[in-house]
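Working notes, beginning with the structure itself.
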Amino acid sequence: MNWILLIIAGLFEVAFAACLGKAKETTAITATYWYVGFLTCLSISMLLLVKATQELPIGTAYAVWTGIGAVGTVLVGIFVFKEPATYWRLFFITTLIASIIGLKIVSH
C-alpha cells in the first residue's frame, strides 16, 4: 500500500510541475487558478510522501518520488508543452526509469 501512495505522490508532483508550466503561459486570474492548483497538488504530494515514508526507507522513497516527478515532468513537457524529444533526453529518461525500478526491486 505504501508503494501505491508513493506512486500517487509522484504523480501529484508531476501535476504541480505542470501547473507551474501552465501558470507561466497565462495571466491574471487564470494564472492564479494554476497557482492554486500548484499549491493543492504540492500539499497532496507532500502528505502522501510523508505517509509512505513511515514504512518505506526514506532514501529509496525520496529517490522514487523525485524520479517519478522527473520522468513525468519531462513527458508532460514533451507532450503538453511541445519541448524537444531528443535522443539523449529520451535515453537518460529511460535510464532514470530503470534506476527507479531497480530501487524498488532492491528495497525491503
Side-chain angles (χ1 to χ4, degrees):
M1 181 64 175
N2 290 305
W3 283 104
I4 293 169
L5 292 177
L6 187 61
I7 290 168
I8 295 169
L11 295 175
F12 273 101
E13 183 184 7
V14 174
F16 78 67
C19 286
L20 279 179
K22 293 301 277 184
K24 184 175 75 171
E25 293 180 344
T26 60
T27 59
I29 193 69
T30 307
T32 302
Y33 292 143
W34 285 111
Y35 286 124
V36 169
F38 162 77
L39 291 173
T40 303
C41 291
L42 175 65
S43 298
I44 293 169
S45 181
M46 291 296 165
L47 289 170
L48 292 172
L49 178 62
V50 167
K51 178 71 177 154
T53 57
Q54 290 175 351
E55 297 293 325
L56 299 174
I58 186 70
T60 301
Y62 185 75
V64 169
W65 178 75
T66 57
I68 291 169
V71 170
T73 302
V74 168
L75 293 176
V76 167
I78 290 169
F79 291 112
V80 175
F81 297 108
K82 307 300 182 215
E83 295 175 357
T86 64
Y87 169 81
W88 287 111
R89 261 184 115 181
L90 297 176
F91 172 79
F92 287 116
I93 286 299
T94 303
T95 60
L96 183 56
I97 292 168
S99 297
I100 293 167
I101 292 168
L103 282 171
K104 164 73 170 93
I105 290 170
V106 300
S107 293
H108 299 289

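Positions are given from 1, in the same order as the sequence printed here.
Leu75 and Phe91 fall into different hydrophobic clusters, where Ile, Leu, Val, Met, Phe, Trp and Tyr are joined by side-chain heavy atoms under 4.5 Å apart, directly or via other members. If you chain together hydrophobic residues whose side chains sit under 4.5 Å apart, Ile68 and Val76 never meet in one group. One hydrophobic cluster, built from ILVMFWY side chains closer than 4.5 Å, holds both Tyr62 and Ile105. Ile100 and Val14 fall into different hydrophobic clusters, where Ile, Leu, Val, Met, Phe, Trp and Tyr residues are linked whenever their side-chain heavy atoms come under 4.5 Å apart, directly or through other members. If you chain together hydrophobic residues whose side chains sit under 4.5 Å apart, Ile4 and Leu48 fall into the same group.
Nearest heavy atom pair, residue Ala52 against residue Leu5, reads CB-CB, 4.4 Å. Annotation for Ile93 and Ala70: closest pair CD1-O, 4.4 Å, computed over non-hydrogen atoms. For the pair Glu13 and Ser45, the tightest heavy-atom approach, listed with the atom from each and the gap, is N-OG, 3.7 Å. The two residues Ala63 and Leu103 come nearest to each other via the heavy atoms CB-CD1, 3.6 Å. When every heavy atom of Ala61 is checked against every heavy atom of Leu49, the shortest pair comes out as O-CD1, 4.3 Å.
Here CH2 of Trp34 is found 11.0 Å from CG of Leu20. Values are rounded to the nearest 0.5 Å. Rounded to the nearest 0.5 Å, atoms CZ (Phe12) and CG (Leu42) are 11.5 Å apart. The line from CZ of Phe81 to OG1 of Thr73 is 9.5 Å long, rounded to the nearest 0.5 Å. Put simply, OG1 on Thr86 and CZ on Arg89 are 6.5 Å apart, with the number rounded to the nearest 0.5 Å. Ile8 CD1 to Leu47 CG: the interatomic distance, rounded to the nearest 0.5 Å, is 13.0 Å.
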(request) Given side-chain contact (heavy atoms from CB on, under 4.5 Å), test Val64 with Trp3 step by step and report yes or no. (result) CA-CA 10 Å; Val64 169; Trp3 283 104; 4.0 Å; yes
(message) Run the side-chain contact (heavy atoms from CB on, under 4.5 Å) test on Tyr35 and Cys19 for me, step by step, so that the C-alpha distance in whole Å, both residues' side-chain angles and the decisive distance to 0.1 Å come before the verdict.
(response) CA-CA 7 Å; Tyr35 286 124; Cys19 286; over 6 Å; no
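Neither side chain, Trp65 nor Thr53, offers a donor N or O lying under 3.5 Å from an acceptor on the other.
Looking only at distances, a side-chain donor or acceptor of Ser43 sits under 3.5 Å from a matching main-chain atom of Leu39. No donor-acceptor pair under 3.5 Å is formed between the side chain of Thr60 and the backbone N or O of Leu56.
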